[in-house]
Amino acid sequence: MLLATLLARALARPSRPAATVSPAGVDWLRHAAEISPSQLLDELGAHEEGLSEEEVTSMRAFWGENRLARAERPSLARRALAAFADPFVGILVLIAAVSVLTDWVFARPGARDLTTPAIIAVMVLVSGALRFVQGERSDNAAAALSKMVETTCDVRRVDVGRVEVPVNEVVVGDVVHLSSGDLVPADLRLISSRDLFVSQSALTGESESVEKRRELGAAAPEGAAVTDLDDLVFMGSSVISGSAVGVVVATGAATLLGETASGLPSGGGCRATASEEGVARTSRLLVALMLVMVPTVVLVSGLTKGNWLDALLFSLSVAVGLTPEMLPVIVTCCLGKGAVDLSRDRVIVKRLDAISDLGAIDVLCCDKTGTLTEDRVALELHLDVLGREDAEVLRAAFVNSFFGTGMKNLVDSAILRRALEVDPTVEELCDRYDLVDELPFDFERRRLSVVVGDGSGSTLMICKGALEEMLSICSHAEVDGEEVPLTREIAAGVAERATELAERGMRVLGVALRREPAGVERLTTADERDMTLVGCLAFLDPPKAGAADAVEALRAHGVETKVLTGDSARVAAHVCRSIGIPADSVIEGAELEGLDDAELSRRARQASVFAKLSPSQKARVVAALRGDGHVVGFMGDGVNDAAAMGASDCGISVDSAVDVAREAADLILLEKDLMVLERGIVCGRRTLANMTKYVKMTVSSNFGNIFSVLAAATLLPFLPMSAVQLLLLNLVYDVTCTALPWDGVDDELVRAPRRWDEVSVRRFMVAMGPVSSLFDLITFAALFFVVCPGVTGAPWAELDGAGRALFVATFQAGWLVESMWTQTLAVHLVRTQRAPFVESRAATRLTALGAVGVALVTALPFTPLGAALDLAPLPPTYFVLLGVVVALYAAALLLARRLFVRRGGTLL
């Protein structure tokens with residue numbers, strides 16, 4: 001019945017938005033803003049007391065689910081195709097296409113052969129299948145972990161009252177309660193609000209928060225943006241302060257954010273992290289090498305051999321050989337394993353790349369409260385302006401905390417708990433007073449005011465906040481029950497006492513009163529003036545027992561801890577000194593505001609403590625550190641931390657954080673413990689080290705092969721290896737490297753921050769590649785002058801067509817086997833700076849897979865498949881030569897490794 005009513009109304013009102021995005025969506029939002037909440041509820045068929053379960057089902061069926069279209073995971077078929085959508089696979093397909101033309105379409109009837117394209121097809125299938133399987137496993141693991149921390153919202157349902165439900169279960173017509181720290185779950189029309197300030201930066205790009213009210217007041221000016229309508233809040237916005245109740249008018253793709261998102265490309269964040277920048281630079285290096293080497297190989301091979309088509313095919317295979325085409329598979333495996341390892345430490349990975357970013361950070365910025373301290377604030381003292389214990393100060397603070405409608409923070413909870421312990425009769429104040437109005441806390445004013453009435457018409461404003469700000473709005477003080485002017489002497493005494501308490505590690509707030517402030521709905525921050533200071537509250541949040549050990553452990557791993565807090569400078573400095581963070585130089589928000597970017601970058605390099613910061617100032621400090629070349633992680637859990645997390649390379653939060661902080665985070669700790677974070681950093685470094693192993697070893701080995709190929713193309717009368725042989729070698733080697741994510745990493749390789757470094761890759765390639773080339777040339781000489789003539793019975797110059805074919809097949813088989821042996825050996829020799837096989841052993845699965853690969857390639861020339869690839873069986877004398885070459889190669893590579901470490905300080 002309800003569904004039929006909704007359909008009838010939709011047909012009668014064509015401007016009503018459907019569950020899909022259309023231009024009518026904005027018209028519907030404007031209409032919802034212009035009518036009264038009661039009219040809107042009637043049009044939607046909803047009720048202020050909430051929807052029933054039957055109505056929720058009907059609303060969802062008609063309006064659609066609360067999901068953005070771009071958040072949907074692609075279908076299984078699309079994910080499978082995406083696993084093959086790689087430029088290196090494209091090169092393989094191109095080679096296969098050319099091979100079909102040369103070996104079948106234009107070949108003589110008796111010479112037609114599809115072996116080469118068939119092998120390439122197998123290579124493509126193996127590469128794509130590995131990437132698909134590993135990608136599915138990683139995605140499924142990440143999705144399972146992410147479900148452990150689910151964003152919810154407070155919804156009113158007629159059957160159960162107010163209840164927390166997942167955001168994606170919200171439907172049009174739901175009545176939603178919002179408070180500080182919440183993410184707006186859908187587009188809402190406000191039914192009621194109290195000093196509601198929201199950030200709409202996800203929609204408008206404006207960092208400043210805007211106030212939203214229940215009533216539009218008047219028709220919006222012609223041409224005004226829908227985001228400027230006062231009584232609408234939108235999906236993607238976050239509540240900075242205040243509270244509200246609203247009815248959902250659009251969900252999912254029909255929201256303003258959904259409509260905007262539908263026109264944007266999916267994926268990617270708003271910032272390029274250190275990991276993404278490093279991968280991009282490394283990729284550019286590889287592309288530049290290909291652009292130089294491929295034309296060179298074409299020219300040299302074409303001019304010396306005269307067969308330009310074979311030269312083109314060979315150059316394309318060289319391009320694939322130079323580039324680690326299994327890199328996406330290896331990266332996915334490494335990151336997936338890293339996510340599993342972190343989950344054992346109760347860390348949820350929301351963005352897989354964040355694992356390598358975590359390993360790269362050299363600066364950790366964090367908030368003080370709850371991160372370095374016990375997260376259990378206790379109210380130690382409640383003093384009058386003369387420094388004496390005063391129960392009336394505590395009672396005033398109790399009323400302020402009790403009637404504040406925002407999210408109860410640790411300070412409010414401590415006040416309520418302490419007041420009930422000291423004087424249980426304070427509960428009578430809850431019945432005596434009613435809330436009239438409120439000015440919620442924000443990070444600019446740093447105070448909270450509530451106005452309460454006693455039923456007789458009299459009103460009282462009670463304000464509590466940071467002492468400096470409280471003194472600035474007070475003109476009087478209460479001394480011995482009498483109101484007196486706030487003289488400089490009284491103010492100085494209060495400030496001096498607060499300084500003494502702060503130096504003992506206490507946080508000091510002031511409490512002030514004002515009688516008969518502005519009436520309800522007319523109260524503004526301008527009314528916070530001419531107040532009477534009644535006293536101070538002193539809170540103690542002791543440092544965590546393990547905080548000092550964690551800070552020292554991070555320092556030992558090359559990570560500097562910097563504290564960015566909204567608390568006072570003295571309290572922050574006291575806590576930091578007690579746990580080993582230097583606090584000789586503290587930068588406060590007011591001072592920071594006067595610094596330009598260059599000066600801030602210089603000062604941020606030296607200071608470890610930043611106090612009394614606003615959210616935007618925290619983000620600015622993080623940006624300054626990143627601009628100075630640091631990789632920065634930020635750990636926080638509050639509304640004021642979200643911007644800084646978004647500006648960092650790796651945002652870290654906890655499962656108990658507010659919604660907006662959890663959404664901004666890349667990693668979520670299920671335990672708010674810096675030691676867990678230290679272990680996570682080590683895990684990230686292990687992950688990045690194993691990825692770096694593959695890139696450096698593969699690129700340097702293949703770089704050496706390029707010089708070997710150029711030398712052979714110039715000096716030999718034939719190609720040293722066919723295109724398909726070179727590709728097959730590269731594939732087998734890459735498959736053996738898929739065990740690298742499970743390889744161990746030496747302790748010295750995780751002591752310092754690690755990041756993608758294309759300069760180090762280039763240096764490693766230049767240092768190690770020529771070693772491979774040298775022994776390839778030695779192998780070429782031995783094969784050409786000793787091994788192959790021994791098989792054919794005569795040197796090259798004396799052979800006819802059949803003899804020369806056997807000579808070439810033996811030569812190519814010999815270099816194929818030698819290349820596999822030396823490349824696999826290189827994995828074990830350069831994966832560690834220690835003595836290989838003695839002081840540091842590779843993981844069993846890496847050793848086993850490498851041994852299988854070597855055995856298969858060594859046996860290949862003796863098999864029918866080897867014959868189909870134009871490989872000839874190798875004589876016993878070759879294996880004697882192979883043993884000598886491999887032994888000499890190992891000695892030379894160890895010497896090159898030692899020289900590289902001496903010059904660069906680290907191998908990987």
Side-chain angles (χ1 to χ4, degrees), residues 71 73 79 130-152 166 168 269 273-275 328-361 364 366 370-371 546 550 553-554 557 559 633-637 645 648-657 659 661-691 738-745 747 749-750 753-754 843 845-846:
R73 191 181 185 189
R79 298 199 303 273
L130 280 172
R131 190 177 310 167
F132 174 73
V133 170
Q134 293 298 338
E136 287 295 293
R137 291 175 62 184
S138 297
D139 288 348
N140 291 339
L145 288 170
S146 295
K147 287 181 180 177
M148 295 176 66
V149 177
E150 192 170 37
T151 302
T152 61
N168 57 18
T273 65
S275 175
V329 178
I330 300 295
V331 168
T332 302
C333 288
C334 287
L335 294 177
K337 183 178 184 299
V340 173
D341 291 343
L342 285 174
S343 70
R344 297 192 183 103
D345 275 328
R346 296 175 59 75
V347 178
I348 296 173
V349 180
K350 291 177 58 183
R351 177 175 64 86
L352 275 181
D353 286 347
I355 296 172
S356 55
D357 287 319
L358 184 63
I361 66 172
L364 173 67
C366 64
T371 302
L554 289 171
H557 284 88
V559 179
F634 190 96
M635 182 176 179
D637 62 354
M645 281 192 279
S648 68
D649 290 288
C650 184
I652 306 157
S653 191
V654 293
D655 62 333
S656 58
D659 291 345
R662 288 188 306 183
E663 287 297 317
D666 301 307
L667 302 171
I668 296 178
L669 309 185
L670 299 182
E671 295 179 9
K672 201 171 185 179
D673 184 356
L674 281 178
M675 290 304 293
V676 172
L677 186 57
E678 182 263 342
R679 293 194 294 272
I681 287 172
V682 172
C683 177
R685 292 177 183 177
R686 284 200 308 266
T687 300
L688 189 55
N690 281 330
M691 288 191 287
T738 57
L740 269 172
W742 289 267
D743 191 28
V745 177
D747 292 340
L749 293 177
V750 297
R754 307 194 57 84
R845 66 177 70 188
L846 179 62

Here the pair of heavy atoms bringing Ala553 nearest to Glu678 is CB-CG, 3.9 Å
How long is the straight-line distance from OG1 of Thr687 back to CG of Leu342, given to the nearest 0.5 Å?
7.0 Å
Chi angles and distances behind the side-chain contact (heavy atoms from CB on, under 4.5 Å) call for Val682, His557:
CA-CA 8 Å; Val682 172; His557 284 88; 3.6 Å; yes
Sort out for me which residue in Cys334, Ser356, Pro753 forms a side chain to side chain contact (heavy atoms under 4.5 Å, CB included) with Leu688.
Ser356
Side-chain heavy atoms of Val654 within contact of Leu670, under 4.5 Å:
no
What are the two closest heavy atoms between Ala665 and Ile668, and how far apart are they?
CB-CG1, 4.3 Å
Could you grab the distance from atom CG of Leu554 to atom SG of Cys366, nearest 0.5 Å is fine?
9.0 Å
From Lys337 NZ over to Arg686 CZ, what is the distance, rounded to the nearest 0.5 angstrom?
6.5 Å
Rounded at 0.5 Å granularity, tell me how far CD1 in Ile652 sits from CG in Asp637.
12.5 Å
Could you please spell out the steps behind the side-chain contact (heavy atoms from CB on, under 4.5 Å) verdict for Cys650 and Leu667?
CA-CA 8 Å; Cys650 184; Leu667 302 171; 3.7 Å; yes
Note: Lys350-Asp666 ion pair, threshold 4.0 Å (strictly below)
no
Does the Arg845 side chain pair with the main chain of Asp743, one donor and one acceptor, at a distance under 3.5 Å?
no
Within this structure, what is the SG-CG distance for the pair Cys683 and Asp345, rounded to the nearest 0.5 Å?
8.0 Å
Closest non-hydrogen atoms of Asn690 and Val745, given as atom of the first, atom of the second and distance, are OD1-CG2, 3.7 Å
Rounded to the nearest 0.5 Å, the CZ atom of Arg685 sits from the CG atom of Leu358 at a distance of 8.5 Å
For the pair Asp357 and Arg351, find out whether any cationic side-chain nitrogen is under 4.0 Å from an anionic carboxylate oxygen.
yes
